[in-house]
Amino acid sequence: MDETEFWEIIDHTREAAEGDPEDHADLLVDALLQLDPDSVLDFARHFEARYNRAFHWDLWGAASVLLGGATDDTFDYFRCWLIAQGREVFEGALHDPDHLAELLDDFDDEVDGDGEDLGYAADEAYEQLTGVVAPDLGVAAQASEPAGTPFDVEDETALAERYPRLWERFGK
């Protein structure tokens with residue numbers, strides 16, 4: 001599976017779910033069940049690599065603005081949700097997290113931002129296809145600390161300064 005196929009599966013299932021992350025996860029599992037086990041593992045590698053790329057202080061701050069705060073777990077689920085928004089939103093957010101203010105049509109912190117189930121979709125599909133737990137993907141482990149310069153992601157003044165467009169549109 002190449003990168004284009006990965007993003008096509010993400011986009012197709014997101015559009016079919018009409019923005020509901022839980023439905024998106026279910027539809028993603030269903031789509032992956034149509035593939036052979038090696039392709040599911042390829043999908044999982046693509047997902048994991050992007051998940052690890054998004055482990056960045058700047059994105060954690062953006063998640064904190066959007067969600068009104070972001071713990072370690074909340075940020076993990078946010079990164080899954082961010083991948084599920086598709087290539088344009090994902091890459092745009094990595095390039096400039098404040099640009100999420102323009103990339104997101106809407107954001108409801110009660111529904112959006114939590115893609116926990118999406119992070120398990122490939123594992124679930126692989127196990128259903130093979131009857132065994134997915135093997136190690138061979139993807140480099142996530143760093144112990146986010147990339148970039150650490151800052152207090154709970155400091156509202158700092159968040160408003162770092163993400164002026166995002167804060168204006170989605171901040172408290």
Side-chain angles (χ1 to χ4, degrees), residues 3-33 43-44 46-125 142 146-148 150-172:
E3 186 174 6
T4 299
E5 291 170 300
F6 168 81
W7 287 116
E8 286 173 352
I9 292 169
I10 291 287
D11 290 343
H12 173 75
T13 53
R14 182 189 64 257
E15 290 164 8
E18 298 179 351
D20 184 296
E22 289 180 15
D23 288 347
H24 190 175
D26 292 340
L27 291 167
L28 186 53
V29 170
D30 291 345
L32 294 174
L33 287 171
F43 178 92
H46 281 288
F47 194 97
E48 189 74 15
R50 279 147 192 80
Y51 178 80
N52 291 345
R53 272 184 64 207
F55 193 49
H56 200 285
W57 281 108
D58 290 340
L59 276 176
W60 197 334
S64 191
V65 171
L66 287 165
L67 297 167
T71 64
D72 293 0
D73 288 343
T74 304
F75 182 50
D76 289 346
Y77 308 152
F78 176 83
R79 290 184 289 150
C80 293
W81 175 86
L82 186 63
I83 294 165
Q85 300 316 294
R87 187 177 201 167
E88 180 183 350
V89 173
F90 178 78
E91 294 294 341
L94 264 83
H95 178 71
D96 176 9
D98 195 36
H99 189 53
L100 281 168
E102 289 82 33
L103 291 170
L104 298 175
D105 292 331
D106 196 17
F107 189 89
D108 178 352
D109 64 1
E110 295 295 320
V111 177
D112 297 320
D114 182 353
E116 179 181 10
D117 294 340
L118 292 157
Y120 300 117
D123 291 336
E124 186 176 326
Q142 174 179 283
F151 72 100
D152 183 358
V153 296
E154 295 178 13
D155 181 341
E156 291 184 4
T157 302
L159 292 172
E161 288 175 10
R162 280 180 93 107
Y163 311 98
R165 296 173 291 174
L166 204 56
W167 186 264
E168 182 177 323
R169 184 158 176 223
F170 299 109
K172 292 182 178 180

Using every non-hydrogen atom in the two residues, find where Leu59 and Phe78 come nearest and quote the distance to one decimal.
O-CE2, 4.3 Å
Listed partners of Glu22 passing salt bridge (charged side-chain N to carboxylate O under 4.0 Å, His left out), at least two apart:
none
Heavy atoms only: give me the nearest Pro21-Val111 pair and the separation to one decimal.
CG-O, 3.3 Å
What is the distance from atom CG of Asp117 to atom CG of Asp23, rounded to the nearest 0.5 Å?
10.5 Å
Where do Leu118 and Ile83 land on the side chain to side chain contact (heavy atoms under 4.5 Å, CB included) test, with the steps shown first?
CA-CA 9 Å; Leu118 292 157; Ile83 294 165; over 6 Å; no
For Arg50 and His46, work out which heavy atoms get closest and say how close.
NH1-O, 2.8 Å
With a 3.5 Å distance limit and no angle check, can you tell me whether Ser64 reaches the backbone of Glu154 through a side-chain donor-acceptor pair?
no
Would you say the side-chain atoms of Asp98 pair up with the backbone N or O of Leu166, donor to acceptor, closer than 3.5 Å?
yes
According to side-chain hydrogen bond (donor to acceptor under 3.5 Å, both in side chains), does anything in residues 99-110 pair up with another residue at least two apart or in another chain? List the pairs.
His99-Glu102, Glu102-Arg165
For Gly148 versus Trp57, what's the shortest heavy-atom pair and its separation?
O-CD1, 3.6 Å
To the nearest 0.5 Å, how far apart are CD in Glu161 and CZ in Phe151?
11.0 Å
Atom pair OH/CG of Tyr163 and Asp96 - distance to nearest 0.5 Å:
9.5 Å
Shortest non-hydrogen contact between Gly119 and Phe47, atoms and distance:
CA-CE2, 3.9 Å
Starting from the C-alpha separation in whole Å, work towards a yes-or-no answer on side chain to side chain contact (heavy atoms under 4.5 Å, CB included) for Leu82 and Leu100.
CA-CA 10 Å; Leu82 186 63; Leu100 281 168; 4.1 Å; yes
Got a sec, which residues hit side-chain contact (heavy atoms from CB on, under 4.5 Å) with Asp72, two or more places apart in sequence or on another chain?
Trp60
Residue pairs meeting side-chain hydrogen bond (donor to acceptor under 3.5 Å, both in side chains), one or both in residues 73-91, sequence neighbours left out, come to Glu3-Arg87, Tyr51-Asp76, Tyr51-Arg79, Arg53-Glu91, Thr71-Thr74, Asp76-Arg79, Tyr77-Glu116, Arg79-Gln142
Please check: side-chain N/O of His24 versus main-chain N/O of Ala17, any donor-acceptor pairing under 3.5 Å?
no
SG/Cys80 to CD/Glu48 distance, rounded to the nearest 0.5 angstrom?
8.5 Å
Just jot down the salt bridge (charged side-chain N to carboxylate O under 4.0 Å, His left out) partners of Asp58, sequence neighbours excluded, or say none.
Arg162
For Phe75 against His56, the heavy-atom pair lying closest together
CZ-O, 3.6 Å
Is there a side-chain contact between Asp112 and Leu66 in this structure, where contact means two heavy atoms from C-beta onward sitting under 4.5 Å apart?
no
What's the separation between atom CZ in Phe107 and atom CZ in Phe170, rounded to the nearest 0.5 Å?
7.5 Å
Sequence-distant partners of Asp30, salt bridge (charged side-chain N to carboxylate O under 4.0 Å, His left out), two or more places apart:
none
